[in-house]
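Read through the structure below, which is laid out as structure tokens, and then see the notes.
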Amino acid sequence: MPELPEVETLRRQLKPLIQGRTIRGIEIFDTRLGDLSFLTGEVIETVNRVGKMLEFILSSRRALTFQLRMTGRLLWQEGYFIPSPHSRFALSFDTGTLELIDPRRFAVITLGDPMDFCPPLFPSEEDIPYIMSLAKRRKITIKELLLDQRLFPGLGNIYACEILHAAHLSPERKACDLSQESWHLIWEVATPILKKAISRRGTTVSDWRDLFGLEGENQRFLMVYARESKPCPRCGTPVVRKKIGGRGTYFCPTCQK
DNA sequence: ATGGTCTCCTGTCTGC
DNA sequence: TGCAGACAGGAGACCA
């Protein structure tokens, strides 16, 4: 399930391959995506990331946006193009073909106006008072709040769990109850976690592969996510998995308070 | 405005 | 061994 570090990995790998290149052909294997064949001939001006979305800015000043959701993958193929199993869509360039693979067909591709800005990896420290003031009015847990894409664009289940572990905070804490100190702790740990995950080309716990079909490396460094019953690397207590806000959540019941 | 539930979808896992 | 049903969950729709 591609989150910020995974989508950023795709963006960095894809940009040099397609920037300035002309779309030579489009193949749609899943009609749910709609008819995008009229994009043939467009030039990719740049490739941006907005949260978990990948955005191709086109020469017509429109933006082609990919939301990979749960099982969406992008794969780059050179030479003769052979659609993979669960292929839904392909864009061909002189240099190769970009394929959208998505067994569960949750991914969506939309054409619209370019976003006016690309958010940073994590909100600025100056935004803490604003986010605290919003959190004060919410009854949900901090874990659920971290998944709110309007506040933390790009954050998903894996990194929300890892950030809360690094900050020694229980995912069950109510967002409205967190002290300023706790919020600063979240800020302190979040960006390094995301940066490291990007440098390791993301986290492969099941489906995730990079643009060239390779697994990421970050799964080897996870502290809690997908580590149910295994010892917390910090205190040795078995990691607990619990559903919070409908999502599987991993945490250490001893050192996350 | 907020929070709860449902939907989309199919591969994989679990239990009988 | 085989099959049915549960489960996985990002994000949007919908309702109270």
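Since this is a predicted model, take the numbers as computed values, not measurements. In what follows, chains carry the letters A, B, and so on, assigned in the order in which the sequence lines appear, proteins first and then strands, with residues in each chain numbered from 1.
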Next on the checklist: Please determine whether the number of non-hydrogen atoms from other residues, nucleotides or ligands lying under 6.0 Å from atom OH of A:Tyr130 exceeds 12.
Outcome noted: no
Can you name the atoms? Protein N/O to nucleotides 10-13 of chain C N/O, anything below 3.5 Å, with the distance.
| residue | atom | partner | partner atom | Å |
| --- | --- | --- | --- | --- |
| C:dG10 | OP2 | A:Arg247 | NH1 | 2.8 |
| C:dG10 | O3' | A:Lys52 | NZ | 3.3 |
| C:dA11 | OP2 | A:Lys52 | NZ | 2.9 |
| C:dA11 | OP2 | A:Gln149 | NE2 | 3.4 |

List every contact pair, protein side and nucleotides 1-4 of chain B side both N or O, where the distance is under 3.5 Å.
| residue | atom | partner | partner atom | Å |
| --- | --- | --- | --- | --- |
| B:dT2 | OP1 | A:Arg137 | NH1 | 3.1 |
| B:dG3 | OP1 | A:Lys139 | N | 2.5 |
| B:dG3 | OP2 | A:Arg138 | NE | 2.4 |
| B:dG3 | OP2 | A:Arg138 | NH2 | 2.5 |

Checklist entry - Is there side-chain contact between A:Val108 and A:Arg69, with heavy atoms separated by less than 4.5 Å? => result yes
Checklist entry - Starting at CZ of A:Arg241 and ending at P of B:dC13, how long is that distance when rounded to a whole Å? => result 14 Å
Next on the checklist: Under a 3.5 Å cutoff, is there a donor and acceptor pairing between the side chains of A:Glu99 and A:Gln77?
Outcome noted: yes
Checklist outcome for this item: Taking five pairs at each terminus, the helix from B:dT2-C:dA16 to B:dC16-C:dG2 shows an axis bend, to 10°, of 50°
Next on the checklist: Once side chain to side chain contact (heavy atoms under 4.5 Å, CB included) is applied, do any residues pair with A:Lys195, and if so which ones, sequence neighbours excluded?
Outcome noted: A:Leu121, A:Thr191
Checklist outcome for this item: CD of A:Gln19 to CD of A:Glu45, rounded to nearest 0.5 Å, is 9.0 Å
Next on the checklist: Go through it in stages, so that I can follow the logic: the residues are A:Trp76 and A:Phe212, the test is ring-ring contact (aromatic ring centres under 6.0 Å, His included), and I'd like the CA-CA distance, side-chain angles, deciding distance and then a yes or no.
Outcome noted: CA-CA 6 Å; A:Trp76 181 257; A:Phe212 308 109; 7.8 Å; no
Next on the checklist: One pair to check against side-chain hydrogen bond (donor to acceptor under 3.5 Å, both in side chains): A:Thr203 and A:Gln219. What are the steps and the verdict?
Outcome noted: CA-CA 5 Å; A:Thr203 303; A:Gln219 62 280 6; 5.3 Å; no
Checklist outcome for this item: Contact check, residues 202-225 of chain A vs DNA chain C, heavy-atom distance under 4.0 Å, returns none
Next on the checklist: I'd like to know if A:Arg138 pairs up with A:Glu144 as an ion pair, taking the criterion as any Lys NZ or Arg NE/NH1/NH2 lying under 4.0 Å from an Asp or Glu carboxylate oxygen.
Outcome noted: no
Item to check | Whole-Å distance separating the CD1 atom of A:Ile101 from the P atom of B:dT10 | outcome: 16 Å
Next on the checklist: For a 4.5 angstrom cut-off between non-hydrogen side-chain atoms, does A:Ile193 reach A:Phe122?
Outcome noted: no
Next on the checklist: With a 4.5 Å cut-off on side-chain heavy atoms, are A:Leu36 and A:Phe89 touching?
Outcome noted: yes
Checklist entry - Quick one: does A:Arg234's side chain get under 4.5 Å of A:His165's, heavy atoms only? => result yes
Checklist entry - What pairs with A:Phe29 under side chain to side chain contact (heavy atoms under 4.5 Å, CB included), at least two apart in sequence or on another chain? => result A:Glu27, A:Phe81, A:Pro83, A:Ser87, A:Ala90
Next on the checklist: Quick check on B:dG11: is either OP1 or OP2 less than 4.0 Å from any side-chain nitrogen or oxygen of A:His86?
Outcome noted: yes
Checklist entry - Is any side-chain heavy atom of A:Lys52 closer than 4.5 Å to a side-chain heavy atom of A:Leu68? => result no
